Amino acid sequence: MVEMHIKGTQVNYYFVCKTKLWLFSHNISMENESDDVKLGKLLHRETFKRDDKEIRVGSIAIDIVKKRDVLEIKEIKKSKKMEKAHVYQTLYYLFYLKKLGIKAKASITFPKQREVINLELSEDDEKELEKVVKEINKIVKGEMPKPSYKKSCRRCAYFEFCFC
Ligand code: SF4
């Protein structure tokens, strides 16, 4: 049985940067200062004004819409640059709900690109997520992974923490 305390953001950061994952997991938060995060929240408000509801289930917070008795998770992302991270974050929500006996499907909307990706959880996704959750636990329990510079660091809220 997989531990259920991992947040969707942690799954996302696992694919983006292990240092970021570690910092976030230790409540070292600079996200409020990031223009990217503010833009993300604004986009979210602008895109789904009418039919979504945010619910919190254990360690996850998701936006859902119920259509013909099927629960649909709706994620909004401003950029496709970290698509793999967004996909796994959303699959993790499906995985989490499935562990609780709740069947759902999901979609990710990229408003700027006017694109929607529809997702359903496969057996392979589940196996991969079991591994990812184990890895996240290992990283969080260990020492902070050394920051390694990449292009996306310039836009990261932790940039000053890592490199100044
Ligand atoms: S600045 Fe770069 S190395 Fe540091 S947390 Fe952000 S992405 Fe990771």
Side-chain angles (χ1 to χ4, degrees), residues 2-48 52 54 56-63 73-97 99 106-119 121-122 124-164:
V2 148
E3 297 162 70
M4 303 292 278
H5 60 274
I6 301 292
K7 295 183 171 87
T9 306
Q10 287 174 291
V11 174
N12 188 305
Y13 289 173
Y14 173 83
F15 290 97
V16 171
C17 169
K18 308 290 187 278
T19 310
K20 190 168 185 168
L21 165 64
W22 191 94
L23 288 167
F24 175 83
S25 304
H26 287 84
N27 295 321
I28 301 168
S29 171
M30 298 171 85
E31 294 290 333
N32 288 338
E33 292 165 22
S34 159
D35 285 344
D36 272 6
V37 172
K38 281 183 202 156
L39 181 62
K41 284 181 180 162
L42 184 68
L43 260 179
H44 185 275
R45 278 204 300 273
E46 289 300 308
T47 307
F48 288 134
D52 69 324
E54 187 182 86
R56 287 180 183 274
V57 188
S59 63
I60 62 168
I62 46 178
D63 289 306
I73 297 169
K74 294 205 155 203
E75 281 288 295
I76 320 288
K77 300 292 180 189
K78 64 181 169 44
S79 159
K80 291 195 78 185
K81 275 186 203 144
M82 300 293 180
E83 190 173 334
K84 186 175 180 187
H86 299 326
V87 166
Y88 272 98
Q89 178 178 359
T90 310
L91 286 172
Y92 177 68
Y93 295 145
L94 294 178
F95 175 75
Y96 195 106
L97 290 176
K99 297 273 173 204
S107 65
I108 309 175
T109 302
F110 299 94
K112 274 187 175 175
Q113 293 79 11
R114 293 166 187 260
E115 225 182 292
V116 179
I117 298 177
N118 293 307
L119 295 170
L121 190 70
S122 70
D124 284 349
D125 295 331
E126 286 188 57
K127 278 184 206 146
E128 186 59 26
L129 281 161
E130 302 266 0
K131 270 197 271 171
V132 167
V133 167
K134 272 188 200 147
E135 271 292 300
I136 289 175
N137 278 322
K138 218 163 96 187
I139 292 165
V140 172
K141 281 179 193 149
E143 289 188 5
M144 184 181 98
K146 201 168 175 274
S148 144
Y149 186 80
K150 48 202 151 295
K151 224 170 139 192
S152 59
C153 290
R154 283 270 165 205
R155 299 175 63 81
C156 174
Y158 294 112
F159 181 77
E160 288 186 13
F161 185 94
C162 290
F163 298 110
C164 295

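No experiment lies behind these values; they were computed from the predicted model shown. Note that ligands are numbered from 1 as they come in the structure, with each ligand's atoms numbered from 1 the same way.
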query = Is the charged tip of Lys20 near the ring of Tyr158: under 6.0 Å from the six-membered ring centre and within 45° of its axis?
reply = no

Atoms of ligand 1 less than 4.0 Å from [X] heavy atoms?
{"X": "Lys20", "answer": "5 (S)"}
{"X": "Phe163", "answer": "1 (S), 2 (Fe)"}
{"X": "Phe159", "answer": "1 (S)"}
{"X": "Lys150", "answer": "3 (S), 8 (Fe)"}

Could you check [atom] against the protein and tell me its nearest heavy-atom contact, residue, atom and distance included?
{"atom": "atom 2 (Fe) of ligand 1", "result": "Cys153 SG, 2.3 Å"}
{"atom": "atom 8 (Fe) of ligand 1", "result": "Cys17 SG, 2.3 Å"}
{"atom": "atom 4 (Fe) of ligand 1", "result": "Cys162 SG, 2.4 Å"}

message = Is it the case that the side chain of Tyr14 and the backbone of Ile139 share a donor-acceptor pair, with hydrogens and angles ignored and the cut-off at 3.5 Å?
response = no

ask   = Taking Lys77 as the fixed residue, which of Asn12, Thr109, Ile117 is the one that meets the side chain to side chain contact (heavy atoms under 4.5 Å, CB included) rule?
value = Asn12

query = Just how far is it from atom SG of Cys17 to atom OH of Tyr149, taken to the nearest 0.5 Å?
reply = 12.5 Å

query = Looking only at heavy atoms of Phe161, does any of them come nearer than 4.0 Å to an atom of ligand 1?
reply = no

ask   = Does the side chain of Ser122 pick up a donor-acceptor pair with the side chain of Asp125 at under 3.5 Å?
value =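 Yes, Asp125 and Ser122 have a side-chain donor paired with an acceptor closer than 3.5 Å.
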
ask   = Distance only, no hydrogens: is a donor on one side chain within 3.5 Å (strictly under) of an acceptor on the other, for Gln89 and Tyr93?
value =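 Distance-only check passes for Gln89 and Tyr93.
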
key: Trace of the salt bridge (Lys or Arg N to Asp or Glu O under 4.0 Å) decision for Glu128 with Lys131   = CA-CA 5 Å; Glu128 186 59 26; Lys131 270 197 271 171; 3.5 Å; yes

note = Going by the 4.0 angstrom heavy-atom rule, the piece of Cys156 near ligand 1 is side chain

